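Throughout, a chain's letter reflects where its sequence line sits, starting with A, and its residues are numbered from 1. Nothing here was measured: the structure is a model prediction, and the numbers come from that model.
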2 protein chains.
Amino acid sequence: MIQSPFNCHFELTLELIGGKWKGLILWHLMEKKVLRNGEMLRLMPRITQKMLTQQLREMEENGLVSRIIYEQVPPKVEYRLTSHGESLRPILNQMIDWGVEYAQDKKIMIACTKQKD
Amino acid sequence: MIQSPFNCHFELTLELIGGKWKGLILWHLMEKKVLRNGEMLRLMPRITQKMLTQQLREMEENGLVSRIIYEQVPPKVEYRLTSHGESLRPILNQMIDWGVEYAQDKKIMIACTKQKD
DNA sequence: TAATGTACATACTAAAAGGTAACTATATAA
DNA sequence: TTATATAGTTACCTTTTAGTATGTACATTA
């Protein structure tokens, strides 16, 4: 057993999905199933290469995302959700739905026009 | 309409519940319905007065928590969830449930022994 | 007169997270 | 020989977040 610094399980979950870009990355992976580094950069124009790699590595270490390297030149690397990552889908969807309602109520504009599902 | 810095509604939701102590505070408010400053300090021995006030003020500003001041000496102030705050309950519960399963799978120990509901 | 209880505020410091810019590797194509 | 495409890495800096320690207000009680 590993001792954790968390006061409750909520904090654990938050730690895993709480990075600046993790929600968006997970959301795209849920939509597209498989994505390469460059595709993600194109899908998220404001993310930097460093942040993308960093967040992906963390999620890989936490077992949310898998990384498959093809031994080619130029390199090819594929990312997809693990089953733990996939099991976050209902939470992501609920958080999006809640955000949509809240934004409507508070008259907040969000840049993204994407539809879920 | 207010323009926001968010890429998607997930980030909006995350911003509102993502502070270091917000989950725990919300969780206690969901359990107890009404809490005073001192009660919260006792329920969360590791939070500091500064962080408690700060997180409560943010949640108040975001319309998740209401603050009622009784004009007495010594002062009396009551906190409770607004309807927006209350509507976060299913998300909190799902995040806790997910964390419990994940922690079991990964053999991670969490300090809290509290039961939800 | 001094201590008590309650709910803060404020200045300062430390740590974590995020961002910028430049660099790396290598087979293939022009 | 030079440019291209892909998927990174690294050093450095800035911003944000969190934590520590101390101070404030004031009616009531001892």
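Between A/Gln55 and C/dG18 there is a side-chain N or O to OP1 or OP2 distance below 4.0 Å.
Side chains of B/Leu26 and B/Leu81 form a contact here, defined as non-hydrogen atoms less than 4.5 Å apart. Using a 4.5 Å heavy-atom cutoff, the side chains of B/Thr53 and B/Arg57 are in contact. Side-chain contact check for A/Met44 versus A/Leu52: some heavy-atom pair is nearer than 4.5 Å. Using a 4.5 Å cut-off on side-chain heavy atoms (C-beta onward), B/Leu35 and B/Leu43 make contact. Between A/Cys8 and B/Leu24, some side-chain heavy-atom pair lies under the 4.5 Å cut-off. Looking only at side-chain heavy atoms (C-beta outward), A/Ile68 and A/Tyr79 stay at 4.5 Å or farther from each other.
Salt-bridge annotation for A/Glu58 and A/Lys22: present, with a side-chain N of the basic residue lying under 4.0 Å from a carboxylate O of the acidic one.
Rounded to whole Å, atom P of C/dG18 lies 13 Å from atom CG of A/Leu52. We find that CG of B/Leu41 is positioned 9 Å from P of C/dA7, with the value rounded to whole Å. We find that CG of B/Leu14 is positioned 13 Å from P of C/dA17, with the value rounded to whole Å. Here C/dT6 presents its P atom at 14 Å from CE of B/Met40, a figure rounded to the nearest Å. Nucleotide C/dG18 holds its P atom 12 Å from the CD atom of B/Glu15, rounded to whole Å. Remark: P of C/dA7 and CD of B/Gln72 are 10 Å apart, rounded to the nearest angstrom. Protein atom CE of A/Met51 is 15 Å distant from nucleotide atom C1' of D/dT10, rounded to whole Å. Regarding B/Glu71, its CD atom lies at a distance of 12 Å from the P atom of D/dC26, rounded to whole Å.
When all heavy atoms of B/Lys106 and A/Gly63 are compared, the pair lying nearest together is NZ-CA, 4.1 Å.
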Step-by-step side-chain contact (heavy atoms from CB on, under 4.5 Å) determination, A/Ile25 to A/Ile47: CA-CA 10 Å; A/Ile25 295 171; A/Ile47 201 173; 4.3 Å; yes
Strictly under 3.5 Å: I want the nitrogen or oxygen pairs between protein and nucleotides 6-9 of chain D, one per line.
| unit_1 | atom_1 | unit_2 | atom_2 | d |
| --- | --- | --- | --- | --- |
| D/dT6 | O3' | A/Arg36 | NH2 | 3.1 |
| D/dT6 | O3' | A/Pro75 | O | 2.9 |
| D/dA7 | OP1 | A/Arg36 | NE | 2.8 |
| D/dA7 | OP1 | A/Arg36 | NH2 | 2.9 |
| D/dA7 | OP2 | A/Gly38 | N | 3.1 |
| D/dG8 | OP1 | A/Arg57 | NH2 | 3.0 |
| D/dG8 | OP1 | A/Arg67 | NE | 3.4 |
| D/dG8 | OP1 | A/Arg67 | NH2 | 2.6 |
| D/dG8 | OP2 | A/Tyr79 | OH | 2.7 |

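The rotation axes computed at either terminus of the helix from C/dT1-D/dA30 to C/dA30-D/dT1 lie 30° apart, taking five pairs at each end and rounding to 10 degrees.
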